[in-house]
Amino acid sequence: MDGSNPVPGVPGIAVGAPSRNDAAWRTLQAATAALHAQVEATPLMAALMSPAVDRSVCVELLQRLLCIHAGWEELNAARLQSLSWPWRPRARGLRYDLMALGVRPATQAVPAPRADCDAQAWGMLYVVEGSALGGRLIARHLRAHVPQLAEAIEHFEAADVGPGWPAFRAALEQALPDDVSRARAAGAAQAMFTHFHGQLARPIVAHGDAGTVTA
């Protein structure tokens, strides 16, 4: 016995092993802190977390998240599915949420970063899985201010699906055991935050029948 506990649903990954020191997580956090702050500071995110949040804001965010995830998932699905982590695609659920709100899901293609190695895939997953933590806060905010909309939007509630953030951090440490792999992952995580920011920072210019039309 080594004092570690297996992570449910993730074979071979253990939480609490004596050798774990969060080196990979700390490397990625430090490398992306400024970019993360830029994403959270976008006007759309501010509107979402305002007490005045409304349907148009929710639709606009879901459309942009769909653009972020759809192309990236198609480009990287094979590698993501090969990792020792139960990756969960988001695009399909985002489409269902938009249709539940009576909105046509966006179909435009958006260039997305490609993971050329497993370390880069882990770096991108750091951003995607980390966004689920923020999803919990968003879900709670929507339930408090627009409860009827919150009932129709499952994307943010899905943050609790899967092994969870502590398990991901444990998997990250085992997947990125050295400086070289962590550096590759950090560069990919930066590219992924830039991908998020590129969509979320676009200005809102008008509202149309299929949701908000953006520049």
Side-chain angles (χ1 to χ4, degrees), residues 25 28-30 32-73 88-108 110 112 124-166 168-169 189-190 192-215:
W25 171 70
L28 298 186
Q29 184 185 48
T32 60
L35 291 168
H36 190 175
Q38 289 176 17
V39 169
E40 292 190 341
T42 58
L44 181 57
M45 293 304 297
L48 179 72
M49 298 308 292
S50 166
V53 60
D54 59 17
R55 180 183 182 278
S56 66
V57 169
C58 292
V59 166
E60 179 63 14
L61 180 65
L62 293 173
Q63 292 280 34
R64 295 195 193 190
L65 288 175
L66 176 57
C67 290
I68 288 168
H69 285 284
W72 176 76
E73 291 177 0
R88 177 177 57 84
R90 271 68 169 181
R92 184 176 182 181
L94 286 162
R95 292 188 182 100
Y96 282 145
D97 283 352
L98 286 161
M99 290 187 288
L101 293 173
V103 175
R104 268 193 325 274
T107 58
Q108 67 265 36
V110 174
M124 294 177 188
L125 270 183
Y126 166 80
V127 180
V128 172
E129 296 295 335
S131 68
L133 296 177
R136 294 176 182 174
L137 297 176
I138 293 170
R140 186 158 57 244
H141 177 75
L142 296 181
R143 288 196 300 270
H145 297 284
V146 282
Q148 290 184 329
L149 285 174
E151 288 183 6
I153 299 173
E154 296 185 1
H155 175 73
F156 304 114
E157 299 286 355
D160 291 326
V161 176
W165 184 243
F168 179 77
R169 282 175 54 173
Q190 290 171 336
M192 196 65 180
F193 266 119
T194 299
H195 179 50
F196 269 76
H197 186 265
Q199 291 302 307
L200 297 180
R202 291 186 293 115
I204 299 174
V205 296
H207 296 271
D209 291 337
T212 307
V213 178
T214 56

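Every heavy atom of this structure was used, including side-chain atoms; hydrogens, water molecules and symmetry mates were not.
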Between Arg90 and Leu65, is a side chain to side chain contact (heavy atoms under 4.5 Å, CB included) present by the stated rule, with each step listed?
CA-CA 9 Å; Arg90 271 68 169 181; Leu65 288 175; over 6 Å; no
Qualifying residue for salt bridge (charged side-chain N to carboxylate O under 4.0 Å, His left out) with Glu157, from Arg136, Arg140, Arg143:
Arg143
Could you grab the distance from atom SG of Cys67 to atom CZ of Arg202, nearest 0.5 Å is fine?
6.5 Å
Can you find a pair of side-chain heavy atoms, one from Cys58 and one from Val53, that are under 4.5 Å apart?
yes
Test item: Arg55 side-chain N/O and Leu101 main-chain N/O as donor-acceptor pair under 3.5 Å:
yes
Locate the shortest heavy-atom distance separating Ala100 from Ala152; write the atom from each residue and the value.
CB-O, 3.9 Å
In chain order, what residues pass the salt bridge (Lys or Arg N to Asp or Glu O under 4.0 Å) check against Arg95, with sequence neighbours excluded?
none
If every non-hydrogen atom of Phe193 is compared with every non-hydrogen atom of Leu35, which pair is closest and at what distance?
CB-CB, 3.8 Å
Would you please name every residue forming a salt bridge (Lys or Arg N to Asp or Glu O under 4.0 Å) with Arg92, sequence neighbours left out?
none
Answer yes or no: is there a donor N or O on one side and an acceptor on the other, between the side chain of Glu73 and the main chain of Ala91, under 3.5 Å?
yes
Aromatic ring pairing His69/Phe196, orientation class (parallel under 30°, perpendicular over 60°, tilted between)
perpendicular
Quick one: CE on Met45 to NE2 on His197, what's the gap to the nearest 0.5 Å?
11.5 Å
Heavy-atom closest pair, residues Ala106 and Leu66:
O-CD2, 3.5 Å
Could you tell me whether the side chain of Gln199 and the main chain of Arg64 form a donor-acceptor pair under 3.5 Å?
no
Mark yes or no for whether Asp97, through its side chain, and Glu154, through its backbone, hold a donor-acceptor pair below 3.5 Å.
yes
Do you know which two heavy atoms are closest between Phe156 and Gly135, and how far apart they sit?
CB-O, 3.4 Å
If you define the side chain from C-beta out and look only at heavy atoms, does anything of Met49 sit under 4.5 Å from Ile138?
yes
Met192 CE to Thr32 OG1 distance, which is reported to the nearest 0.5 Å:
12.5 Å
Between His195 and Ile68 (side chain of the first, backbone of the second, donor and acceptor by atom type, cut-off under 3.5 Å), is there such a pair?
yes
Expected output: side-chain Asp54 to main-chain Val57 donor-acceptor under 3.5 Å
yes
How far does CD1 of Ile153 sit from CG of Leu62, to the nearest 0.5 angstrom?
5.0 Å
If you measure from CD on Gln190 to CG on Leu28, what distance do you get to the nearest 0.5 Å?
9.0 Å
So side-chain hydrogen bond (donor to acceptor under 3.5 Å, both in side chains) across residues 37-51, not counting sequence neighbours, yields His36-Glu40
Got a second to check how far Leu149's CG is from Leu142's CG, nearest 0.5 Å?
7.5 Å
Quick check: do Gln29 and Tyr126 have side-chain heavy atoms less than 4.5 Å from each other?
yes
